[in-house]
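Letters go in sequence order (proteins before strands), and every chain restarts at 1. Basis for what follows: all heavy atoms, side chains included, without hydrogens, waters or symmetry-related copies.
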Protein chains: 2
Amino acid sequence: MSSDGPITLSQVAREAGVSLATASRAINGSATRTVRADLRERVLEAARRLDYSPDPSAQAMARGRTAALGLVVHDISDPYFSAIAAGVAAAAEREGLIVTLASTGLRPARELAFVELVRRQRARAVILAGGRLLPDDGDPAHPSPAHPRSAVRHEGGTQEYRSRDDVPNGGTHGVAEAGALVQALETFRRSGGGVAVVGQAVGELPVVEIANAQGAADLARALHGLGYRRFGVLAGPLVHRTAVDRAEGFVGALHELGCEVVPEDVVACAFTRDGGYTAMAGLLARTEPALPELVFAVNDVMAVGAMAAVRDAGRRVPDDVAVAGFDDIHTLRDVTPALTTVHVPLERIGELATRLALGLDAGEDADTGRVTVQGEVVLRESTPPLPPR
Amino acid sequence: MSSDGPITLSQVAREAGVSLATASRAINGSATRTVRADLRERVLEAARRLDYSPDPSAQAMARGRTAALGLVVHDISDPYFSAIAAGVAAAAEREGLIVTLASTGLRPARELAFVELVRRQRARAVILAGGRLLPDDGDPAHPSPAHPRSAVRHEGGTQEYRSRDDVPNGGTHGVAEAGALVQALETFRRSGGGVAVVGQAVGELPVVEIANAQGAADLARALHGLGYRRFGVLAGPLVHRTAVDRAEGFVGALHELGCEVVPEDVVACAFTRDGGYTAMAGLLARTEPALPELVFAVNDVMAVGAMAAVRDAGRRVPDDVAVAGFDDIHTLRDVTPALTTVHVPLERIGELATRLALGLDAGEDADTGRVTVQGEVVLRESTPPLPPR
DNA sequence: CTGTTAGCGCATTCAG
DNA sequence: CTGAATGCGCTAACAG
């Protein structure tokens with residue numbers, strides 16, 4: 001009764017009066033073999049009586065495969081990632097997998113180490129959430145929108161950008177490091193592990209893509225429809241693919257509407273609340289050109305920072321300047337004025353990524369390894385319709 | 001070169017021309033045994049050349065112990081938990097442990113299953129974050145504050161409370177289930193695993209306690225000092241220990257100041273944004289008694305919901321009613337008006353819990369298995385000083 | 001359908 | 001100080 005250490009299968013087998021193999025088959029339900037009903041019942045009964053449960057390590061060892069799923073995020077305390085993580089956790093649980101989490105910060109080496117670990121661990125799959133580097137993840141088959149990269153300049157924002165400690169590289173990788181990561185993932189994949197990345201494509205890996213450019217373009221058109229004509233963009237780091245896609249999608253759509261965003265009104269900054277704050281503060285402080293009517297921050301957290309900067313400057317949103325974001329972070333639902341944004345179903349994205357990585361059905365395009373999730377424009381108080389002038 | 005499957009130790013041994021045992025000792029640095037320098041170098045070199053890394057499952061098996069740390073939260077997408085998780089992840093990484101995450105929702109059975117899994121997995125430790133049940137976690141040595149439980153009534157809030165789907169039990173356990181959980185944890189602990197709970201004591205388990213009652217009392221005194229005299233409390237679920245401690249600490253301190261909170265102004269509700277919203281809406285809608293001057297919500301998320309309710313009712317914070325919260329959730333730093341709250345260092349708490357669970361130094365009281373973290377009152381715009389009447 | 005046996009990769013006895 | 005042998009708990013051939 002008080003024998004220490006967990007009960008093993010062989011104890012169950014002995015208790016049930018069967019062989020180890022039979023016990024294993026009864027409890028685990030081997031694929032090919034089957035066990036006579038009465039024997040199985042006896043084994044199950046013994047297992048229950050002894051409060052047996054299998055040793056995951058031993059199973060992993062014997063099977064050559066774990067029931068684990070690796071999840072890599074930059075920062076689990078960031079609501080963007082924690083929402084994705086919630087989706088991953090839910091889907092993983094449904095599949096009977098345990099998730100091992102790595103909150104890697106801005107350290108590519110850490111990501112690499114974790115992927116390597118996950119490979120050695122023979123995890124079922126690994127999911128990579130978070131912004132990759134720009135140069136390395138291009139896909140010839142999916143060129144960026146028709147608007148040249150040069151649509152986003154950083155002249156106006158260089159100073160703010162440089163002034164922040166935490167933005168040495170905007171939270172993305174050096175090219176070499178990204179290459180190593182992709183390679184590690186490919187290796188893992190070749191060895192039978194599932195892989196999915198979230199956000200935008202990385203190499204040829206399966207991806208749950210967020211239609212960043214399109215969402216931003218939709219947003220731009222909607223805002224233009226509200227009467228706005230002079231826009232600014234807090235563009236995030238210039239090397240951050242998601243940030244750039246959003247900024248370009250936004251600027252490009254305006255361009256098509258015959259509404260140009262001047263380079264001075266597009267400022268690079270960190271992909272954080274403080275990045276948004278600082279960049280907006282810069283816009284507010286300068287005298288030339290004048291403050292845009294509306295500033296689009298490429299994510300909600302930045303937008304909230306920007307709104308704080310506006311308040312701290314003694315100005316008001318939306319009276320003095322309207323603000324829009326991207327993501328529709330749930331926790332920020334109640335900021336005032338309510339933030340216009342592009343809703344991104346992060347939790348569902350986490351689930352989709354999990355299913356995709358595991359080779360389960362993940363929607364129509366899943367077999368192509370490329371699932372695209374659309375954002376949805378949500379107009380709220382931070383960008384009221386502009387009266388005709 | 002392209003042999004599939006990860007490299008094993010014996011391959012390294014062969015490559016280095018030594019025995020398996022020597023390779024193991026060289027790479028792992030066995031405690032007792034030591035390896036001659038040149039041999040060790042040869043092994044290490046071979047390992048590097050072959051890009052060897054150990055199989056965690058095999059190590060776990062041979063050692064009878066994993067390098068994993070289990071983390072149980074109710075909902076990883078809740079900023080409270082994700083902040084704690086960030087601290088846990090950071091500390092775990094520092095100790096070379098991988099963290100396996102369970103986001104258990106409101107399902108005690110799931111928590112139990114996870115703790116069981118973690119035990120079988122022979123994880124190093126498990127950390128439990130999230131509200132336990134009231135009746136089961138009392139500690140005679142630490143009675144609740146001098147204010148009777150009955151200080152919090154639910155007459156005023158029953159209706160709202162009942163009307164919410166997600167509040168069947170406010171996110172806590174049935175007594176029996178909580179008992180089973182505690183028992184599972186004790187078992188795990190007896191078998192050599194480390195345990196820590198976050199928030200408030202559970203049985204005799206090591207705990208990183210948040211000084212909820214005291215923080216709330218400090219807040220009450222500070223607000224009283226600002227001139228407030230009529231208070232309401234959005235008290236959260238009546239069975240939620242953290243919620244009750246905060247509510248009672250608040251009410252009790254006011255009592256000592258000769259300022260009574262009438263039962264009608266204390267409403268129970270879900271421990272969520274919507275819970276706060278609904279409860280506040282109830283206060284706003286009723287005619288008798290009048291709206292309190294200030295409403296204290298027992299956490300920030302609820303407070304933000306409450307502020308939304310105020311706005312939606314066409315009233316204003318703090319002009320019509322002041323609002324205060326608890327936790328100082330980072331993501332909510334920029335809500336307007338800025339929220340008065342009690343700052344709780346969640347990330348550090350996660351680290352402390354990790355260290356405590358692992359038996360590392362976790363501050364002065366760590367050896368007693370009871371580390372207490374103080375909150376700090378932060379007065380902001382949502383509770384301006386009241387002009388003398 | 002069931003039982004016997006051989007590893008999975010590694011740490012760790014025990015001999016040498 | 002090193003090497004050969006044993007076993008962790010389990011699954012998956014392999015016989016019976």
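Relative to the side chain of R63(B), the nucleotides dG9(C), dA11(C), dG9(D) differ in distance, and dA11(C) lies closest.
Each of S57(A) and A21(A) was matched to the nucleotide of DNA chain D holding its nearest heavy atom; the match closer to the 5' end belongs to S57(A). Mapping A58(A) and A37(A) onto DNA chain C by nearest heavy atom places A37(A) at the nucleotide closer to the 5' end. Nearest-nucleotide positions on DNA chain D place S19(B) closer to the 5' end than the other of T8(A) and S19(B).
With hydrogens and angles left out, the side chain of R25(A) and the base of dG3(C) share a donor-acceptor pair within 3.5 Å.
In summary, the side chains of T354(B) and E95(B) do not present any donor paired with an acceptor at a separation below 3.5 Å, with no hydrogens or angles considered.
Rounded to an integer number of Å, the gap from CZ of R14(A) to P of dC10(D) is 12 Å. Summarising the geometry, the separation between CD1 on I27(B) and P on dA11(C) is reported as 8 Å, rounded to the nearest angstrom. As a whole-Å value, the separation of D55(A) CG from dC8(C) C1' is 13 Å. Nucleotide dA15(C) holds its P atom 20 Å from the CG atom of L20(B), rounded to whole Å. Rounded to whole angstrom, the span from the CE atom of M61(A) across to the C1' atom of dC8(C) amounts to 4 Å. Look at CZ on R122(A): it is 11 Å from P on dC8(C), rounded to the nearest Å. Rounded to whole Å, the distance from CD1 on I7(A) to P on dC8(D) is 15 Å. In this structure, the CG atom of L9(B) is 18 Å from the P atom of dA5(D), given to the nearest Å.
In terms of phosphate contacts, Q59(A) brings no side-chain nitrogen or oxygen within less than 4.0 Å of OP1 or OP2 of dG9(D). A close approach under 4.0 Å does occur between a side-chain nitrogen or oxygen of T22(B) and OP1 or OP2 of dG3(D). Put simply, S24(B) has a side-chain N or O that comes within less than 4.0 Å of OP1 or OP2 on dA11(C). Note on R36(A): every side-chain N or O is 4.0 Å or more away from OP1 and OP2 of dC1(C).
Residues A89(B) and S103(A) share a closest heavy-atom pair of CB-CB, 4.0 Å.
Residue R120(B) is in sugar-phosphate contact alone, with no base atom involved, counting any heavy-atom pair closer than 4.0 Å across all strands shown. Within the nucleic acid shown, L39(B) comes within 4.0 Å of sugar-phosphate atoms alone, with no base atom in reach, counting heavy atoms only.
At least one cation-pi condition fails for R122(B) and F188(B): the charged atom is not both under 6.0 angstrom from the six-membered ring centre and inside a 45 degree cone around its axis. R119(A) forms no cation-pi arrangement with F114(A), by the criterion of a distance under 6.0 Å to the ring centre and an angle within 45° of the ring axis.
Using a cutoff of 4.0 Å between basic side-chain nitrogens and carboxylate oxygens, E45(A) and R42(A) are not scored as salt-bridged.
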